[in-house]
Each structure stands twice: as structure tokens, then as C-alpha cells.
Amino acid sequence: MTTTETSAPAPEPAPGPAPDPEAGAAVKAADRAHVFHSWSAQELIDPLAVAGAEGSYFWDYDGNRYLDFTSGLVFTNVGYQHPAVVAAVQEQAGRLTTFAPAFAVEARSEAARLIAERTPGDLDKIFFTNGGTEAIEHAVRMARLHTGRPKVLSAYRSYHGATSTAINLTGDPRRWASDSGAAGVVHFHAPFLYRSAFYATTEAEECARALEHLESTITLEGPATIAAIVLETIPGTAGIMMPPPGYLAGVREICDRYGIVFVLDEVMAGFGRTGKWFAAEHFGVVPDLLTFAKGVNSGYVPLGGVAISAAVADTFATRPYPGGLTYSGHPLACAAAVATIEVMEREGIVEHAARLGETVLGPGLRELAARHASVGEVRGTGAFWALELVRDPATREPLVPYNATGEANGPMAAFAAACKKNGLWPFVNMNRTHVVPPCNISEAEAKEGLAALDAGLSVADEYVA
């Protein structure tokens, strides 16, 4: 697939195997008998049995093919089954399948070097984890040990993972069932002009009032008790809300003034997703710690990590860091990361994502918004977009209530079903649909997805007051 010209036609993906409903039924039966699925009431779900995937598409055992506007869970930044990444994993498996993390291993060293070359500022030390949740856990641990302080601040509209500290940091309802209220976490409102908590009417007002609110929270909590502020550079699952100009720079200044560690969560936004290697580049800020996962190797083998500044790394120069993982920097995962980064460079995928956002996705989504009353707002950059769906464009009432389930979520379920009927697998969360395809999706494929999205939005329009 070419990525240097957005106008170049993409070759049709190789057809999947012939439909085999019997095999699909066997896969489904084994799943339902033995697999315990995350975030789900086990008897109320009906997972699709997937037969295969390639590029921007996947297909089931009945022969139905879907254009994937979810990138898995926003991680297949180079698409499914990229031959260079598959070959790198196969080659590494033949050479050295696994090795303990205390040793210097070529794939691990090279992955760390390539990541450090692309992180902003002096984030030159890389601590590897198995995914984004663990990256957040270790970033918070590092910040607390570095500062000697207990508290961490994070935003209400956020998602940082599902383990103990990460789920308490999370701002969305997935936190509620596990929130101990004793994890040293304080939540605050980050800027979101469309649903402003500050009665702002302009980006400048939203930025200024959000920073004032953050500093007031710090003052009331006690600056000397706060180890870190953790923010998604561009919030992902929470809605892809672009921070207004000056906000992240303002947070950086506040952190510097009070000796607070600034942690940027780039688990979803990193590695080309926003049209930059890291979203922080859009805003000219350098955090003290940066977490990553997902796109670092397109999810081919689980991998995450923390990029660490010189100041924080120096804390552990002669003092042992009390943390580690059996599979930290697993050779197969790191080999996949090396190959993914090399592919992204060689094929110009980061630049392609930026161009696609500017010339295809952004304009196409805004055109859909102009024709569909159910679209309240379009926001995003690169291959990272969200549509806010509403019942009433004037009042901005969400299409479904906050954290809706069952019958209350019917309008979004109907929207998703219409998309799937037209060959598009959508990313749906609350009253939003996110447009997050592989970063190397072709212009033709992106337009195919927009056409299917158009059909789905026509169904959503039926619920507009």
C-alpha cells in the first residue's frame, strides 16, 4: 500500500479464505464456553468470530468483510499483517524467542534506541512494560519516588488503564466499580469547550479557566503533596478532545513552578496516530515522563513503556528502581517495534496520517456534519477523529445519556448496526463515534469508510428531536 501519495489507489486486499460457517461456529462455541471477556456481562455479549485480517480490513467465517475504523483498539497503526512486521517477528522467533529483562538483548536495545530518537526533548531512557496500563503504573511509581510525594492529579474525561493505580486515575465510569477512594488520586476538569465546565465561549477562555481551575485544585490539595499530573496529550476513548492552544504549555509551567512531575499518556495518541510521532509535538511541550504502547508495534506482540527524562532517570542512577516485569522488553515484542518504526519511516506513514487528516478525513467528516443533524461536533487530527452525536444540535443534548446501557443506548446501537450493514466496523463509545483507522489507510479506503459512516448517520438522524 502506498503512503507517499494520498491520491494513489490502494490495491484490493487479498481475499480471505472461503467462507466456513462450521469452523466459525466452533470458534464461537469455544469462546462462549471458556473465554471471559473484559468490560462485559458474559451472558449478554455476542462476539464476532474473526477468520482473518489484512491491511485495513478483517472478515468473519461467513465471508463478511469489514473496513476497520477502530484499528483493533486504536493500535494497528500499520494495519493488520504488515509483511515486514510479521517477518521480523518470525525472524526473531527463530533467533532468540525470549530472554530475561536483566540482560542486554539486541532487539530490546534497538527498540529503545529507535523510540528515544523520536520522543521529544530528553526522554532518552526507556522502561519497557507489557502494555499501556503497566506503563502508567510505573510512571506514577517513578513520579512518587522522584518527588517523595503521594498524590496524583488526573482529568475526569480520561482513560489510563485497568490495574489498581491506572483505574483510579481513569476519569470515566469504568473507574466506579473499582475506585477505592484511597489511591491518592484527585480528579479535575480538563478543557473541553463543546461541553465546557467553565462556561467558556472561546478557546482562549476555556484554556485560561481550565488552568485557573487546575491551579486552584493544586492549591487546595497542597502543592507539596502532589507528585504528578497525568494527562492524555489528546484524550482518546474519552472523546479525542483537542486541548486549546496554550493549555499543555500552561500545565507544564504549573508543574515546573510547584515541582510536580508532568506525565503525558500517549498510549493511544503516539506513534503517528495524530500525524506526528507523538502528539506532544503539536503543542511544543516536553513532559517528564511519557507513556506509550499500542502503535509502538501496532499491537502485534504486547508492548508498552515509559520514556524517562534525565532528571527522573538520575533519581535511580545509584538508587535501585523498585519495579520490574518478567517480560519487560520481550524480544518478540521489541523486534515487532523495530520493524514497525522502520516501516513507518520507510513508507512515510506519519506524514501520510497527517496529510490524510488534512485532505480526506477532516474535510469529509465536516461535510458529513453539515448534512447530518445528529452530528454536534467534529474534532481531531491525523488519523484520530471523533464525532459527537446529539439529539438536539441547539442544546447539545447527547444522542444517548452518559454511560447509557440497554434500551437507553438504542440510538447508538442502531447507528453501529447500520455501519456494519454497510461493511464498516465503527468505534462507538457513549454518544460518540471515533474515526481511528490504520494510519496507512489509503484515500480510497478512507472514502469508502466515510460513505458507510454517512449511511449510519442517516439512522442516527432519526433520533434527533
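When reading the values below, keep in mind they use all heavy atoms of this one structure, side chains included, and skip hydrogens, waters and symmetry mates.
Judged by distance alone, the side chains of Glu205 and Tyr199 never bring a donor and an acceptor atom under 3.5 Å apart. No donor-acceptor contact under 3.5 angstrom links the side chains of His146 and Asp288, judged on distance only. In this structure, a donor-acceptor pair under 3.5 Å is present between the side chains of His372 and Asp461.
Between Arg371 and Glu367, at least one side-chain nitrogen of the basic residue sits less than 4.0 Å from a carboxylate oxygen of the acidic one, meeting the salt-bridge criterion. Classification of Arg396 and Glu388 as a salt-bridged pair fails, no side-chain N sitting under 4.0 Å from a carboxylate O. Asp60 has no carboxylate O lying under 4.0 Å from a charged side-chain N of Arg65, or vice versa, which leaves the two without a salt bridge. A salt bridge does not link Glu351 to Arg355: none of the charged side-chain nitrogens sits closer than 4.0 Å to a carboxylate oxygen.
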Worksheet item: Step by step, would you call Asp68 with Tyr80 a side chain to side chain donor-acceptor pair (under 3.5 Å)?
Response: CA-CA 10 Å; Asp68 188 4; Tyr80 293 104; 2.6 Å; yes
Item to complete: Report the C-alpha separation of Glu137 and Arg141 in whole Å, then their side-chain angles, then the decisive distance to 0.1 Å, and conclude whether the salt bridge (charged side-chain N to carboxylate O under 4.0 Å, His left out) test is met.
Response: CA-CA 6 Å; Glu137 293 278 342; Arg141 186 181 303 180; 5.6 Å; no
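The shortest side-chain heavy-atom distance between Phe58 and Leu67 does not fall under the 4.5 Å cut-off. A heavy-atom distance below 4.5 Å is found between the side chains of Leu248 and Thr233. At a threshold of 4.5 Å between non-hydrogen side-chain atoms, the residues Thr291 and Glu266 do not count as touching. Side-chain contact between Pro47 and Lys28 is present, with heavy atoms from C-beta onward closer than 4.5 Å.
The heavy-atom pair separating Asn431 from Pro398 by the smallest distance is ND2-CB, 3.6 Å. Between Ser56 and Ile441, the shortest heavy-atom contact is OG-CG1, 3.6 Å. When every heavy atom of Arg379 is checked against every heavy atom of Gly239, the shortest pair comes out as NE-O, 2.8 Å. For the residue pair Leu361 and Pro437, the shortest heavy atom distance occurs at CD1-CG, 4.4 Å. Nearest heavy-atom pair, Ile234 versus Ala279, reported as atom, atom and distance to 0.1 Å: CD1-CB, 4.1 Å. Closest approach of Ala369 and Val378 over heavy atoms only: CB-CG2, 3.7 Å.
The OG1 atom of Thr129 sits 9.5 Å away from the CD1 atom of Ile136 when rounded to the nearest 0.5 Å. The CG atom of Leu44 sits 9.0 Å away from atom CD of Gln42, with the distance rounded to the nearest 0.5 Å. For the atom pair Leu48 CG and Lys420 NZ, the distance stands at 8.0 Å (nearest 0.5 Å). Residue Ile167 holds its CD1 atom at 8.5 Å from CZ of Arg175, rounded to the nearest 0.5 Å.
Within the 3.5 Å criterion, the main-chain N or O of Leu123 finds a donor-acceptor partner in the side chain of Thr119. Using modelled atom types, one side-chain atom of Thr340 and one backbone atom of Ala336 make a donor-acceptor pair closer than 3.5 Å. Between the side chain of Arg149 and the backbone N or O of Pro223 there is at least one donor-acceptor pair closer than 3.5 Å. Looking only at distances, a side-chain donor or acceptor of Asn77 sits under 3.5 Å from a matching main-chain atom of Phe271. Judged by distance alone, with hydrogens and angles left aside, the side-chain atoms of Thr225 form a donor-acceptor pair with the main-chain N or O of Glu221 at under 3.5 Å. The backbone N or O of Tyr159 sits less than 3.5 Å from a side-chain atom of Glu232, completing a donor-acceptor pair. Distance alone, capped at 3.5 Å, is enough to place a donor-acceptor pair between the Thr70 side chain and the Gly72 backbone.
Under the 30°/60° scheme for interplanar angles, the aromatic rings of Tyr402 and Trp176 are found to be tilted. Under the 30°/60° scheme for interplanar angles, the aromatic rings of His138 and Phe127 are found to be tilted. Ring planes of His213 and Phe188: tilted class, angle from 30 to 60°.
For Trp425 and Phe69, the distance between ring centers is not under 6.0 angstrom.
With Trp39 as the aromatic partner, Arg174 meets the cation-pi criteria of under 6.0 angstrom to the ring centre and within 45 degrees of the ring axis. Under the 6.0 Å distance and 45° angle rule, Arg118 does not count as a cation-pi partner of Phe278.
Here side chain to side chain donor-acceptor pair (under 3.5 Å) pairs that include residues 294-309, with residues two or more places apart or in two chains, number zero.
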